[in-house]
Amino acid sequence: MIGSQLFSDSMHLPTLPLAGFWFGDSATATAENVDKVFGIITWICIAFFVLVVGMMIVFIVKYRARPGHVEQPSPSHNNALEIIWSVIPILLVALIFFLGFNGFMDMRTPPADSYDIQVIASKWNFTFQYPNGASSPVLHVPPDRPVRLVQQSADVIHSLFIPAFRIKQDCVPGRYTYQWFTAHTPGEYDLFCAEYCGLDHSNMNSYVKVHESEAAFQEALAELSKPPVWGPDWGEKLWREKGCKTCHSNDGSAIVGGGPTWKDLWDKEETMADGSKVTVDHDYILESIRKPQAKIVGGYQGVNMTAYPESLVKPAEVDAIIAYIQYLSDAYDGPTKEEAEAAAAAAEEGGEATDGGGSEAAADDQPAADEASESSESTDEEPAAPEAGEEE
Amino acid sequence: MIATPAQIEQGTSHDEKNYLNVSSGFASWAFTLDHKRIGIMYLVGIAVSLLLGGIFALLVRLHLWYPAGGMFDAKTYNEIFTLHGAIMVFLFIIPSVPASLGNFFLPIMLGAKDVAFPRMNLASFYLWVIGAIFFVSAMLISGLDTGWTFYTPYSVETSTAPVVCATMGVFILGFSSIFTGLNFVVTVNTMRPPGMTWFRMPLFLWSLYATGIIQLLATPVLGITVLLLGLEATLHIGIFDPKYNGDPVLFQHFFWFYSHPAVYIMILPAMGVVSELLPVYCRKHIFGYKFIALSSVAIALLGFLVWGHHMFVSSQSALTAVIFSGLTFSVAIPSGIKVFNWLATMYKGNLYLTTGMCYVLSFLFLFTIGGLTGLHLGSLATDVALHDTYFVVAHFHYVMMGGSLIAFIAALFHWWPKMFGKMYNETWGRISALLVFVGFNLTFFPQFLLGSLGMPRRYASYEGREGFPVSETMLQQFTALHRVSTTGAMILGVGLFIAAGTLIAALYYGRRAPRNPWGGATLEWTCQSPPIHHNFHETPTVGDPYIYANLEWDPDLEGYKPLPPASPTPAHEQEPVG
Amino acid sequence: MSENHSHYVTPLPVLLGTFLALVGLTVLTVYQATQDHVDFGRFEVGLTLLIAAVKAILVAVIFMQLAHDKPMNSIILVSSILFVALFLSITLMDRAEYKPQVDDYVIQHPKTADSL
Amino acid sequence: MSASAHADDHSHHRFQAHHFETGEQQFQAGKLGMWLFLSTEVLFFSGMFCAYAAYRAAHPQIFEDAAKFLKPELGAANTIVLLLSSLTVAWSVRCVQLNDKKGLLANLIITLACAGIFMGVKTVEYSIKFTEGLFWRGGYTYVEGSHPDLGPTHERLMYTGLVMLGIGVLLGVIGIVLGANSVGRRWAFYALAATVIGAGVGCLAGNAYTQGAEGDEHHAEAAAHADHEHEHGEEAAHGEEEAEGEGNVAVEDQEAVEELEGTDRVDGLEHPETAEQAIEQVQSPGEIQAEEASADVVLTKEKLVYASEGPKFPGVFFSIYYAMTGVHAIHILAGIGVFVWIVSRAARDHFEPHYYGPVEYTGLYWHLVDLIWIFLFPLLYLIQ
């Protein structure tokens, strides 16, 4: 923890007004430190710039060729001078290195008690997964609590960049990467993908929501972990968030370089690239999500869809997507939204009655049944939210 | 510079056939072994690349006028910025000064008849042409959208044919670059004339020598990198692609081991140009010759130790990042030494503000900004915030364009009379210099602000996606700054066109150039303008290349002529530097 | 033989002797690697590379005549090897440093027989 | 040396370029140029050495497992062949320095024959690996424990070798006929003939050796296999339904994984299902299983990683193997081309003690190619 020790020392540096001119919002202590380091470097730069360009301008004015002016003798080398203007910059860059090193070690050393959020970057979405199994395309974080992002990528290199926190770290496929922050000012801050990742790189943005309080954060989390009761609704959400949208339209239009539209896809008989015929049913869609290259519809051979293993799309989510595809078919005859909501309300009532009103369970055990096992295991490690009890 | 009798009788041999008219016909150019003609052919090729890359740059800027992107869809935009980067880096900047002007002037400055391996020199040019053809075919296939860095796994996942085409092009261009560097190093090592010790070489040669070292040691690593990348894309050898158990960070190490030193392939010759031009136009001996010469070599060698600073947030380990950050700052020192020495050279001089000098001063201004903002990026904590934003874009444009391109133009104006025997129009030249300077700053300074505010690079639009708009304040700042930048780019474009027009017009309407219009003391000014086929009738004698007291303005020649050798010079100026 | 010739001519016994030494070292290294009596454990790789380095030096110094050549050529060879060392050492050090992050991920995401 | 002593006393030889003052200057410039080129070659290969070292350091097991598919004897034979060619190249330089044209030609021809043998042996190695499915990572189709029938491959290789011998002889005859009035052309054909005959010999000898060695191996393996089955008898009793084809995990390993999961949590990542997945999908490639069959097994993190990399992972070794030896082979081919040209020039008396730069430069190149092989051989063939 040498890094944070040194880091706290550099907190005493005076605030330099320049930082405000260069940067936008800052919502973490790290950001403030970065701004200070930036300010110091900028002042050093300005000093050198004024020195160099000022001398240049003075020389241009004073020694410009004009009638009657000739060059004056002066020495063509001076070792003392050379050494002086080598040594002074060395000392200054050593200082700059040291300041940068301090801040960096702090950025790379998350506190032991930090709250882990999984980040799954894929073309062209970030999905944030919380310890209770909930996931969202927006990064929800509690205020004043260290949050560690555990990052992975499903396809190519992405980079999670939050300008207001002044942090950035690539999400590299085939490994984990980490970054952390403690946001102290509630609000919404932009979040970008900073590493070029293909077609929709510039649309791979999102935002961070720093909640007003821990309670508000827990509430949002509980809300997030409730899957929409009506499959097609949920499926549409997944279609947007998981990146299906970029290649599969829902209105029958063709997307260049993408795959078949989902409109009226259900029950359709597709001719595969190898000539065989397949009816679009549950198994086929499941296979197309898990192993997209196994069966390719004729005409889409060049399209290289990423495989989505269970870590990216859970079985329940696959069902929701299938429900959505069914809904997009003219022949849809599943339950309507009203019916589904009524059924869910009925089920919940029944559940409440048998549950006996356990207060802890209400906060965390909202997810669908197939996720329950996972979330109950993973919440063990979760520090109990202090306000959880008061909510009841 | 001590004049010889042969030089004193200058002006008498003006009618001798020069390298341009000694023979004619397509074959006399296509199969020439004359380093000067090869240099001219390179110059033409490089100019075409610059035009192409420049058009792409303007398209990028125009597109970003509107937050949603005004002209292209995202795919086209990605291809355009990729081609802009790839063409500018591989086809333009890397060969710019060394392959064209270096080829032309290196042997002449050495008093030699040619480079050591003229055939290899010609081969180098044709390899460049073949490499360029590969690039153009990648462009025609369309779909090269990887960025010039070809980062895996994106580059092995996107459409294969253009990537393979482009990497083949890079591979071949690499050999072209190696051949040029090899030729220069051998020529400087073995063909210096009697009297030209290492420390009496013009500084331009020092910088080309240092560049040659980098080309030799770094380029082969790029060669193997793109070869493995091509194999990865076609056969999936699993070295760089994580889908096949490869490691994408390994690719970045391979790539930057070449591509960082390549930055010095781009900037060192430009520094050499400045070291050459500044004393001539200031009429002063260069200050601190040895420090400038050795700092070139120091930059070349230190340049190999810092590649990891391109990877601070790419998930290389923290230890490596810290080591590379520390080493990165070491490069600042020799660069700083050069800047101070150039300033000291101006002290008490007699500054002629010719077009060449205007561009050199412009270089000093822009390179200072480019170099100093490097400190923000070398410092770890701030780099994390600024990495992959427009701050980086602005920084490297200040160094590569404000440095290399500006110095290249300065050198063209300086040596144009020697290369083609025609004087250009000084007024238009100065206008172009002013427009380029203003346009450049207007284009790229706002990008520093864009970057620090958080605008990521390589974005086709900056309004955010459906349901996730970029916050209102940011959007307003981004839009305003992008528009200033685009306006500046247009001015810059006009300035560059005027510069090109001035030079081309000189070929047709310029008055005949004397041997030594600027009063330079290096050997190229002692031979005829344009030079004869073999450069010199006899190997010239050599002295200090930065003593101007022995030259005198002759209004009849409209150029400088040497004084008789007996003329006394002040003792402190005669003092040999070597 | 031209009398005023000044380039070094390597004597035949030296050439043949070098060749025999090289063959001997090759046999030695193959024997060392394939026999089972003496196991140097983790030093095995180092030993093998040491033998290879000795062979390489023999070729460079005698066959390539570096011993009787201008020092510049030796400097070039040595410096190229130094740059290789620089490249390899930093890259490998970095990989070793971030290996855990890769390993953790690989364990969590095993590749099955039919995945790529 | 003698640059200055030389400067004055030499008339220009006929191949001196106009821009050099003396032949000595030209010679030294060429030599420096060649050394610089060699340094770029060293750097060029360094990329592949780096990839090798990186993957070997991360997965020593893979490299040791995969290297068993290479035959050190063939590699050693090729090493000695290349060393011999290096000797003859050095000798040919000596010959030209001493104005011994016959010796020069003889040495160069032997060099080319050696290069041919080297390529012939490589052909055998590549063919057999292709038949077995030992491709680079993307094309790796080898299945643990499978024994493809190599008979047709050996047959094909034998015919290839014989055809090459025939072509070589034919080239020699063409040389005699076509080269009647051009000594340069005649020797160029002789040089090609020597190379192709060398390749034929290499192909035949390599083929015969591998065929013989395989016979022995099969016997030994069959015996070993019987033992192996025996050891595993007990585990089989535990019931491994999914044993077919995919390989299987030792039952003890499962406990080990659970233990690991309990103690060595992977960096705060709580995915209980993943460890189970790992167990399900550990496709213990024969080696692990064989080694760990004994009673007290601890499935280390390293082994878990190895198992998780997927069944095709050994392909990475072959990716690097093919890249390194392939690029090296391309250099050999380039060297062959240049040597044919050198032979032709030598036959036309172009070289003499005052002008033999091309022989020396090509020789330097050839030595470097040999030098790289000196490192490739132990790294690829001898690591166990």
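Throughout, protein chains are lettered first and strands after them, A, B, ... in sequence-line order, and every chain is numbered starting at 1.
Only the side chain of D:E360 comes within contact range of chain C, with heavy atoms under 4.5 Å apart. C:T91 touches chain D through its side chain: at least one heavy atom from C-beta onward sits under 4.5 Å away, while N, CA, C and O do not. Residue D:I374 touches chain C through both its backbone and its side chain, counting heavy-atom pairs closer than 4.5 Å. For C:V59, the part lying near chain D is the side chain, with the backbone staying farther off; criterion is any non-hydrogen pair under 4.5 Å. For D:F377, the part lying under 4.5 angstrom from a heavy atom of chain C is the side chain only. C:L58 does not touch chain D: none of its heavy atoms, backbone or side chain, sits under 4.5 Å away. Residue contact with chain D, scored on non-hydrogen atoms closer than 4.5 Å, involves the backbone and the side chain of C:L12 alike. Contacts of D:I372 with chain C are absent, with no heavy-atom separation under 4.5 Å from either backbone or side chain. When heavy atoms are compared at a cutoff of 4.5 Å, C:I76 approaches chain D by way of both its backbone and its side chain. Both the backbone and the side chain of D:S86 come within contact range of chain C, with heavy atoms under 4.5 Å apart. Residue contact with chain D, scored on non-hydrogen atoms closer than 4.5 Å, involves the backbone and the side chain of C:L16 alike. For a residue to count as touching a neighbouring chain, one of its non-hydrogen atoms must lie under 4.5 Å from one of that chain's; by this rule C:M64 touches chain D with backbone and side chain alike. Contacts of C:K99 with chain D are made by side-chain atoms alone, with heavy-atom separations under 4.5 Å and no backbone atom involved.
Two residues are said to be in side-chain contact when any heavy atoms from C-beta on lie closer than 4.5 Å; C:H68 and C:H7 fail this criterion. For the pair C:I90/C:L86, a side-chain contact is recorded, criterion being any heavy-atom separation below 4.5 Å from C-beta on. The shortest distance between side-chain heavy atoms of C:D69 and D:W35 falls below 4.5 Å.
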Practice prompt. Show the numbers, then the answer: is there a side-chain hydrogen bond (donor to acceptor under 3.5 Å, both in side chains) between D:T79 and D:W373?
Written response: CA-CA 7 Å; D:T79 311; D:W373 182 259; 3.1 Å; yes
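The ring of D:F63 has its center closer than 6.0 angstrom to the ring center of D:Y52. Separation of the D:Y355 and D:F27 ring centroids does not fall under the 6.0 Å cut-off.
Cation-pi contact between D:R94 and C:Y8: absent, since separation from the ring centre below 6.0 Å together with deviation from the ring axis within 45° is not met.
Note that the CZ atom of D:F375 and the CG atom of D:D370 stand 11.0 Å from one another [nearest 0.5 Å].
Below 30°, between 30° and 60°, or above 60°: for D:F49 and D:F45 the angle between ring planes is between 30° and 60°, a tilted geometry. In this structure, C:H109 and C:Y105 have parallel ring planes: the angle between them is below the 30° cut-off, well short of the 60° mark.
Note on D:T40, D:D100, D:L38, D:L43: by heavy-atom pairs under 4.5 Å with chain C, the leading option is D:L43. In terms of heavy-atom pairs under 4.5 angstrom with chain D, the leader among C:L22, C:N73, C:T48, C:T18 is C:N73.
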